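Reviewing the structure listed below.
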Amino acid sequence: MEPSASGLAARGDLRSVLPFLPVVLHGGALFWPPAAQESLRALALGPDVSRVATGDVLADALTDLRLVLALPALSPRAADGLALFFDDLLSRVQARGWFAEVVPNLARLLLRLPALLEDHYDKATDAASGLRILASQDAGIVHLSQELVAALLTCALFCLFPTDGRAEASLPNINFDCLFAALVHNARQSQEQKVRCLVHYFERVTDSTPTGFVSFERKVLPRRAGLGGVTYPDVDAWMKSSSPLCQFRVFSSGFIEDEEQEALEVDFANRYLGGGALSRGCVQEEIRFMINPELIVGMLFMASMDDNEAIEIVGAERFSQYMGYGSSFRFVGDYIDSKPIDSMGRRRTRIVAIDALDCPTRLHYESSGLLREVNKAFCGFSYQSKLQLYTKLFELPMI
């Protein structure tokens with residue numbers, strides 16, 4: 001069933017995100033601009049036709065693609081980073097396979113992007129889970145297939161997302177140009193290792209298309225009473241609550257991402273989802289985004305978090321093994337994610353992004369700072385199906 005022309009054009013969810021996508025809406029359907037489509041078709045035919053067989057030529061091809069999309073050329077530093085990685089840092093065997101097989105397959109995936117988006121909106125009939133910009137205080141969920149996620153991440157790799165208006169909308173950078181630019185004159189090998197994780201992801205998804213789903217939810221703890229649930233508790237509400245903590249277990253060793261039991265896994269986040277994942281950062285949040293690259297897609301449409309907000313992502317697949325932290329971070333090989341699948345087709349990996357106060361000094365020990373941090377965690381840990389339990393916690397009437 002194809003979405004009707006008038007139906008697709010009338011969708012508010014699509015209209016909100018369309019300025020930030022490289023495709024265009026015309027006559028009720030989504031398309032690549034003709035010149036961009038021709039460039040992608042050439043890339044899809046492989047290096048014998050496209051002549052894209054090295055990093056520096058790939059950078060030229062991406063600049064040409066950006067120009068036909070009315071985007072500026074890649075920065076010289078980003079172009080140098082692409083050439084450095086694919087021509088010098090990657091082995092000749094892997095580079096040969098990348099340009100002969102992976103790049104053409106990625107181009108074919110991008111050619112399917114309009115159809116994948118139309119299918120997505122067709123299935124998100126009530127717009128409740130359709131791809132859209134989730135601005136601050138806009139609670140909601142976006143439910144994406146892993147194939148669509150892979151296509152969107154390919155747009156980021158090829159640096160094809162428009163950037164105008166993103167800062168004004170409090171959206172983080174999503175293109176990979178800064179990631180590659182940071183490779184140049186960078187003594188830290190961790191930057192190279194981050195790119196290796198992402199290259200491995202693209203090799204995996206072009207070899208075998210993933211078939212599951214990933215959901216991205218903006219969770220908001222309202223500051224004023226609304227249609228239901230708990231509002232932002234004040235200090236007095238917490239002081240008067242006599243409800244005990246739920247049962248929990250403490251593990252003294254191991255890593256969050258290695259926990260086999262279903263659990264809520266915390267991303268110690270920047271208020272801009274992903275933090276420095278696509279630039280020079282390489283600590284807890286950035287590492288998680290490298291080994292589970294599908295998390296990066298949330299950076300396309302999730303605006304920065306306010307004090308009463310958190311972001312929960314369910315279903316992101318892990319693709320890489322690693323060792324180290326910060327400057328010692330290293331990609332060490334493939335990872336096969338064996339987490340079970342839920343009824344919505346998502347892996348039972350539930351990650352919640354919660355940002356702490358930035359350089360709080362003494363504020364952490366003042367009541368306002370403590371309240372902010374407790375409520376931020378409460379928002380992140382809350383589960384919609386248990387709203388009545390939370391209401392009882394603060395002995396508040398259901399609105």
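Not measured: the values here are computed from a predicted model.
- Within the model, atoms CG of L157 and CD1 of I174 stand 11.0 Å from one another, a figure rounded to the nearest 0.5 Å.
- No close placement of the Y335 and Y322 rings is indicated, their centers lying 6.0 Å or farther apart.
- For the pair R346 and F213, the NZ or CZ position fails the cation-pi test of under 6.0 Å to the six-membered ring centre and within 45 degrees of the ring normal.
- By the 6.0 Å and 45° rule, R196 does not stack over the aromatic ring of F331.
- Taking every heavy atom of both residues into account, R223 and N308 meet most closely at CG-ND2, 3.8 Å.
- Taking 4.5 Å as the limit, some side-chain heavy atom of L131 sits within range of a side-chain heavy atom of Y121.
- The local environment of CZ in F255 is sparse, with at most 12 non-hydrogen atoms from other residues, nucleotides or ligands closer than 6.0 Å.
- Within a 6.0 Å sphere centred on CD of E101, heavy atoms belonging to other residues, nucleotides or ligands number 12 at most.
- Within 6.0 Å of the CG atom in D258, the count of heavy atoms belonging to other residues, nucleotides or ligands exceeds 12.
- Residues P47 and V52 fail the side-chain proximity criterion, which asks for heavy atoms closer than 4.5 Å.
- A heavy-atom distance below 4.5 Å is found between the side chains of W238 and F378.
- Residues E294 and Y201 meet the side-chain proximity criterion, which asks for heavy atoms closer than 4.5 Å.
- Results of the side-chain contact (heavy atoms from CB on, under 4.5 Å) test with E147 over L152, L116, D119 single out L116 as the only residue that passes.
- When the shell of 6.0 Å around CG of D88 is examined, it contains more than 12 heavy atoms from other residues, nucleotides or ligands.
- Of the N and O atoms on the side chains of E257 and N292, not one donor lies less than 3.5 Å from an acceptor on the other residue.
- Across all non-hydrogen atoms, the minimal contact from M305 to A269 is CE-CB, 4.2 Å.
- Screening K339, R347, R318 for a salt bridge (Lys or Arg N to Asp or Glu O under 4.0 Å) involving E265 leaves a single residue, K339.
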Using the side-chain contact (heavy atoms from CB on, under 4.5 Å) rule, take M290 and I296 through it: C-alpha gap first, then chi angles, then the decisive distance, then the call.
CA-CA 8 Å; M290 295 302 104; I296 296 170; 4.1 Å; yes

So E286 and K194, salt bridge (charged side-chain N to carboxylate O under 4.0 Å, His left out) or not? Walk me through it.
CA-CA 9 Å; E286 291 85 2; K194 287 168 60 179; over 6 Å; no

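- Between V352 and I311 the shortest side-chain heavy-atom distance does not fall below 4.5 Å.
- When side chains are defined from C-beta on, L264 counts as touching E312, because their heavy atoms get closer than 4.5 Å.
- Classified by interplanar angle (parallel below 30°, tilted 30° to 60°, perpendicular above 60°), the ring pair F86/W98 is parallel.
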